[in-house]
Peer 1: 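There's a structure below that I have some questions on.
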Amino acid sequence: MTPQPLAGYRVIDFCWMIAGPLTTRLLADLGAEVIRVESQARVDRIREVGVQPPGVTSIDTNGVFNDCNVNKKSVLLNLGHPRGVAIAKDLVRTADIVTSNFTPDRMDRWGLGYQDLKAVKHDIIVASMPVMGSEGSRNSWRAVGNGVVAMAGLNAHTGFPHRPPIGLGTLHSDFTSPYFAALQVAAAVLHRQKTGEGQFIELAQYEASVHLLDTELLEVLVNGQEPPRRGNRSAHHAPHGVFPCHGPDRWVAIAVRSEQEWRSLCSVLDLQDLASRPDLNAFAGRQAAAGEIETAIRARTVTWDAWDLSAALQSAGVPASPVEDVGDLVGRDPMHEGFLAEVQHPAGPAMLLQHEPVVWNGERFPIRPAPIMGEHTGEVFRQLLGFSAEDLAELVAEGVIY
Amino acid sequence: VTLPLGGFTVLDLADEPLVLAPRLLADLGADVIRVESSAGDWVRRRVPFVDGIEGLERGLAHILYNAGKRSLALALDRPESWLLLDRLVSAVDLVIAPLQQSGPEAEFFRVGRLESLAPRLGIVDAVFRRDSPETEATDLIGTAAGGLLLLNGYEEDPPNHPAGNLAYKQTSLAAALAAVSLILERAISGAGGRVTVSMQEAVMWTTIQSANENYWYWLQARPNRRGIQGLGGQTIFETRDGRWVSFYQHPPAWGSFVSWVAEALGETRFSAPEWDDGLHRFYNHDQIAAVTQALCLSLSRDDLVAEGQRRSILVVPVQGAADIASDPHLRERSFFQEVRYDHLGQTLEVPRPPFIGSAYQVQPGRAPTLGEHSRDVLTTLLGMDPAEIDRLEAQGVVAPPAQGVSK
């Protein structure tokens, strides 16, 4: 059993889609009791979209939703109903942390803004993850992950100089913002342990994503120069690229950081003519001859199996990897055993859920399947708020539990 | 106001893949002591530099990733230095390892050794691939191994290395959260521990949402790079002024888009009832993309975004670093702050940490000069007297503060 440093902490989680729920998943993995507040009146879209198992159409079974919501509970509560908001505040009174990722004023309009919640629980930690942030002239702008990375500069600085900017193939910021946010929440917990003080934390996903850039932004701010797109070349390493291997759309990535690695690469690929050239010993020479070197490498790699070549290069001390696709990662790559857990979903299908990319004293965090929508409504309202079966039936009849 | 990590000390032996992690802890108030080789490490040596002039104190990566840290410069090729570090681990709360470990580093971080030396120590360790002898990794290699590289680029091109060193970033983000988790755990149990991040798994965290597709429909659909095609069809479009936008057809905004193109282009085909069906739109996304492109070419980027956002449509500019640096929204949020670098004779503008809290304000720190805090660290953490430090300096174990730093 891994340590559970947030055991005993309760999170009332209003998040939806990916970035918010992944944040609270990170907290749940650390032992926090995360209670998702959901409603048929406002179904988390990520329950509805995404790949479903064969023959199943359910808001409980798609893969992305399940990845984002393991180890949580789910209660049904209609925030469009005044009693729903009152019950939400009652839940917050029992809690330590509240999370949301709506546009900035949504929680306030429900009467669940920071001041409202602080009045209910003086030391509550409220974390909000709007795309743009609550202040600033573009605070109402809307975007999902692909727009966030476009604003943050990742598209504009990726790709070959003569090509249009490239959209990343994923909603990348949805998987990075959660770490920034969970880090701040964990720090806020430490602050509360030391001072007894709660707080409001705002993490604008746009700002967090700007921090994904390398030095491009400082090159503008400090030197007044915007760097060009470099394709697969590097300002530091040469050769540095992605080369075709045997088979359709099979590639190997290679990066050479030193003369020693250059000699090892030439040895593995039988490029002795290049290895013997003194002008290629140093980075500057190899950078100047990048086109020639890449052509020579391509002529060799194309007959290799990407996995065999990568292993040969790694054995020789050269950074290399097959360019793996998701099928490789799930089905072929033997090197991450234990990262993907096969979990039997209570609604039927078995599915693969990802662990976090860490082991703690050699062990993975435990994984419980994501909750069926409303799975814990009765349990949570009985245990935390003392509701009777009659109370619950009345709330269902009134459309509060919906 | 004391920051949340105030009072905690971190020994930072990170290499480039992890160097952001201790920076994030320094932002939160931790006393981060960066252990550097006397000659200056790679993060200091890599291009680009302030004003394009090479120098150990001028690297933009150093200024970015070492902000707010202190510097202890040691001759890391000398056993005496590693003995000093052995003493230091008992005086700190956390130690952060490099991804690539060989020689004395590998021995220093060997599983079980630090744990017995300092049982309350939190150790953040890292590997390229879990349970694998393969260790040689750069950011490009990390993105390849984690499935991210294959998703970027055009089908007719090789996969494209994404900007930003995203494999390093993801590894560092997981490491930073692990570090705070270790601190939280020690407050409860009193015990230290070791959290080991895998770079490959950290990158997979950003791509593996497709895993169930492969599990349930084994390899029937191989997610691949699609250039400017994105979620649900084309998402990147050129505008009238030759710039670019990210334009996402968010289903709830479909009606607003239909009205817009009818008003702006006289395009009314989408008013037909079959277009209300999301599946019909999915199968005919080429038609939607063509009209979207025509709409985008009718306006400049900034006018298009302003009008689209007014209509609740998810259209935003594709921005480069220069756009971001001049973004009025970020300026209004005080996202850029000045940090004084006396030894460079300059005040540099840098982005502040990406969050705002009501309990404390976090500001970017200054990156240290090489060895700037060596004496101070040895005095305060190990209780060394000046004569002993003089002796270590004379022996070349401890580097004196950087000489000849250009003013």
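Protein chains get the first letters and strands the later ones, always in sequence-line order, with residue 1 at the start of each. Fair warning: this is a prediction, and the values are worked out from it, not measured in the lab.
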Peer 1: Which bit of B:E349 comes within less than 4.5 Å of chain A, counting heavy atoms only: side chain, backbone, both or neither?
Peer 2: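 Both backbone and side chain.
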Peer 1: So which part of B:F49 gets closer than 4.5 Å to some heavy atom of chain A, the side chain, the backbone, both or neither?
Peer 2: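 For B:F49, backbone heavy atoms alone lie under 4.5 Å from chain A.
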Peer 1: Indicate yes or no for a side-chain donor-acceptor contact from B:N160 to the backbone of A:T158 under 3.5 Å, with no hydrogens or angles considered.
Peer 2: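 No, B:N160 side chain to A:T158 backbone: no donor-acceptor pair under 3.5 Å.
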Peer 1: Under a 3.5 Å distance rule, please check whether A:E202 uses its side chain to pair with a backbone N or O of B:I356 as donor and acceptor.
Peer 2: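 Answer holds: no.
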Peer 1: Indicate yes or no: does B:E16 engage A:R257 in a salt bridge with an N to O separation below 4.0 Å.
Peer 2: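 No, B:E16 and A:R257 are not salt-bridged.
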Peer 1: Between chain A and each of B:E185, B:H250, B:E155, B:R333, count heavy-atom pairs under 4.5 Å; write down the option with the most.
Peer 2: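 Among B:E185, B:H250, B:E155, B:R333, the one with the most close pairs to chain A is B:R333.
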Peer 1: Under 4.5 Å heavy-atom distance to chain A, tell me which part of B:L177 shows up: side chain, backbone, both or neither.
Peer 2: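 Both backbone and side chain.
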Peer 1: By a 4.5 Å heavy-atom criterion (distance strictly below it), what part of B:Q100 contacts chain A: side chain, backbone, both, or neither?
Peer 2: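 Contact with chain A: side chain only.
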Peer 1: Testing the basics here: between A:H191 and B:A359, what is the closest heavy-atom pair and its distance to 0.1 Å?
Peer 2: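 In this case the closest contact between A:H191 and B:A359 is NE2-CB, 3.7 Å.
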Peer 1: Decide whether A:D214 and B:Y168 meet the rule of one side-chain donor and one side-chain acceptor closer than 3.5 Å.
Peer 2: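 Note: A:D214 and B:Y168 side chains miss the donor-acceptor criterion.
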Peer 1: Is the shortest side-chain heavy-atom distance between B:P48 and A:V222 below 4.5 Å?
Peer 2: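 No, their side chains stay 4.5 Å or more apart.
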Peer 1: If you measure from CG on A:D249 to CG on B:L150, what distance do you get to the nearest 0.5 Å?
Peer 2: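 Between A:D249 CG and B:L150 CG, I get 6.0 Å after rounding to 0.5 Å.
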Peer 1: Do side-chain atoms of A:E324 reach the backbone of B:G147 as a donor and acceptor pair under 3.5 angstrom?
Peer 2: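 Checked: no pair found.
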Peer 1: Tell me which of these, A:I254, A:T215, A:V318, has more heavy-atom pairs under 4.5 Å with chain B than the rest.
Peer 2: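 Going by pairs under 4.5 Å, I would pick A:T215.
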Peer 1: In the structure I gave you, are the side-chain heavy atoms of B:T196 and A:V358 within less than 4.5 Å of one another anywhere?
Peer 2: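 Side chain of B:T196 against side chain of A:V358, heavy atoms only: no contact under 4.5 Å found.
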Peer 1: Need one label for B:D157: side chain, backbone, both or neither, based on atoms under 4.5 Å from any heavy atom in chain A.
Peer 2: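 Backbone plus side chain of B:D157, per the 4.5 Å heavy-atom cut-off to chain A.
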Peer 1: Just give me the residue among A:R233, A:E356, A:Q199, A:H240 that pairs up with chain B most often, heavy atom to heavy atom, under 4.5 Å.
Peer 2: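 When all of A:R233, A:E356, A:Q199, A:H240 are compared, A:Q199 has the most.
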Peer 1: Could you measure the distance from the OG atom of A:S321 to the CG atom of B:L140? Nearest 0.5 Å is fine.
Peer 2: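 Result: 8.5 Å between the selected atoms.
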Peer 1: Which bit of B:V245 comes within less than 4.5 Å of chain A, counting heavy atoms only: side chain, backbone, both or neither?
Peer 2: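 Interface part for B:V245: neither.
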Peer 1: With rounding to the nearest 0.5 angstrom, report the CG to CG distance, A:N146 to B:L314.
Peer 2: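 Between A:N146 CG and B:L314 CG, I get 8.5 Å after rounding to 0.5 Å.
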Peer 1: Can you confirm whether or not the ring centre of A:H236 sits under 6.0 Å from the ring centre of B:W42?
Peer 2: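 Yes, the ring of A:H236 comes within the 6.0 Å limit of the ring of B:W42, centre to centre.
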Peer 1: Is it the case that more than 12 heavy atoms not belonging to B:R186 sit under 6.0 Å from its CZ atom?
Peer 2: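 Above 12, so yes.
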Peer 1: Just checking B:W205 against A:H172, ring centres under 6.0 Å apart?
Peer 2: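 No; A:H172 has its ring centre 6.0 Å or more from that of B:W205.
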Peer 1: Backbone N or O of A:R138 within a donor-acceptor pair of the B:H329 side chain at under 3.5 Å?
Peer 2: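 Yes; at least one donor-acceptor contact below 3.5 Å.
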Peer 1: Check this for me, if you would: do A:E135 and B:R331 make a salt bridge, where the nitrogen-to-carboxylate-oxygen distance has to be below 4.0 angstrom?
Peer 2: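 No.
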Peer 1: Between atom CD1 of A:I166 and atom CH2 of B:W244, what is the distance when rounded to the nearest 0.5 Å?
Peer 2: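 The CH2 atom of B:W244 is 10.5 Å from CD1 of A:I166, to the nearest 0.5 Å.
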Peer 1: Measure the NE2-CZ distance between A:H211 and B:R352 for me, rounded to the nearest 0.5 Å.
Peer 2: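 Rounded to the nearest 0.5 Å, the NE2-CZ separation comes to 7.5 Å.
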Peer 1: Check whether B:P133 gets within reach of chain A through its side chain, its backbone, both or neither, counting any heavy atom under 4.5 Å.
Peer 2: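 For B:P133, there is no contact with chain A at all, as no heavy atom is under 4.5 Å.
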Peer 1: Would you confirm whether A:N361, through its side chain, and B:G193, through its main-chain N or O, come within 3.5 Å as a donor-acceptor pair?
Peer 2: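 Not a single qualifying donor-acceptor pair exists.
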Peer 1: Closer than 3.5 angstrom, by distance alone: can the side chain of B:K169 be matched with the main-chain N or O of A:T176 as a donor-acceptor pair?
Peer 2: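 Looks like no, no N/O pair under 3.5 Å.
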Peer 1: State, yes or no, whether a side-chain contact exists between A:F175 and B:V203 at a heavy-atom distance under 4.5 Å.
Peer 2: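 Side-chain contact under 4.5 Å: no.
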Peer 1: Report yes if the side chains of A:P357 and B:M204 come closer than 4.5 Å at any heavy-atom pair, otherwise no.
Peer 2: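 Result no, sub-4.5 Å side-chain heavy-atom pair not found.
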Peer 1: Is it the case that A:E197 and B:Y360 place a side-chain donor and acceptor less than 3.5 Å from each other?
Peer 2: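 No.
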Peer 1: When you compare the side chain of A:T170 with that of B:L148, does any pair of heavy atoms fall below 4.5 Å?
Peer 2: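 B:L148 reaches A:T170 side chain to side chain.
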Peer 1: At a 4.5 Å cut-off on heavy atoms, which part of B:A137 comes close to chain A: side chain, backbone, both, or neither?
Peer 2: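 When you check distances to chain A, only backbone atoms of B:A137 fall under 4.5 Å.
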Peer 1: Report yes or no: does B:Q319 contribute a side-chain atom to a donor-acceptor pair with the main-chain N or O of A:M151 at less than 3.5 Å?
Peer 2: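 Yes; at least one donor-acceptor contact below 3.5 Å.
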Peer 1: Answer with side chain, backbone, both or neither: which region of A:A350 has an atom nearer than 4.5 Å to a non-hydrogen atom of chain B?
Peer 2: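 For A:A350, heavy atoms of backbone and side chain both lie under 4.5 Å from chain B.
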Peer 1: When you measure from the centre of the six-membered ring of B:Y154, is the NZ or CZ of A:R163 under 6.0 Å away and within 45° of the axis?
Peer 2: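 Judged by the rule (NZ or CZ under 6.0 Å from the ring centre, within 45° of its axis), A:R163 counts as positioned above B:Y154.
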Peer 1: So do A:F243 and B:P158 actually touch side chain to side chain, heavy atoms under 4.5 Å?
Peer 2: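 Counting from C-beta outward, B:P158 and A:F243 never come under 4.5 Å.
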Peer 1: Hey, which of A:L213, A:V252, A:N139 has the most heavy atom pairs under 4.5 Å with chain B?
Peer 2: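 Counting heavy-atom pairs under 4.5 Å, the top option is A:L213.
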Peer 1: Answer yes or no: is there a side-chain heavy-atom contact under 4.5 Å between A:Q184 and B:L28?
Peer 2: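 A:Q184 vs B:L28: side chains touch.
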Peer 1: Tell me, side chain or backbone of A:H355 under 4.5 Å from chain B's heavy atoms, or both, or neither?
Peer 2: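 Contact with chain B: backbone only.
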Peer 1: Taking the side chain as every heavy atom from C-beta outward, state whether A:L154 and B:L166 have any pair of such atoms under 4.5 Å apart.
Peer 2: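 Yes - at least one pair of side-chain heavy atoms lies under 4.5 Å apart.
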Peer 1: Among A:L212, A:V359, A:V220, which residue forms the greatest number of heavy-atom pairs with chain B at distances under 4.5 Å?
Peer 2: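 When all of A:L212, A:V359, A:V220 are compared, A:V359 has the most.
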Peer 1: Would you compute the distance between atom CG of A:N223 and atom CG of B:L60 and round it to the nearest 0.5 angstrom?
Peer 2: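 The distance works out to 5.5 Å.
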Peer 1: Would you tell me whether A:S137 and B:E332 have side-chain atoms, one donor and one acceptor, within less than 3.5 Å of each other?
Peer 2: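 A pair is found: one side chain offers a donor N or O, the other an acceptor, under 3.5 Å apart.
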Peer 1: Between A:G224, A:S315, A:P322, which shows the greatest number of heavy-atom pairs under 4.5 Å with chain B?
Peer 2: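 When all of A:G224, A:S315, A:P322 are compared, A:P322 has the most.
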Peer 1: With a 4.5 angstrom heavy-atom cut-off, is it the side chain or the backbone of B:A179 that approaches chain A, or both, or neither?
Peer 2: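 Interface part for B:A179: neither.
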Peer 1: Based on non-hydrogen pairs under 4.5 Å, which of A:L22, A:L352, A:L203, A:N155 is most in contact with chain B?
Peer 2: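 Maximum pair count with chain B is reached by A:L352.
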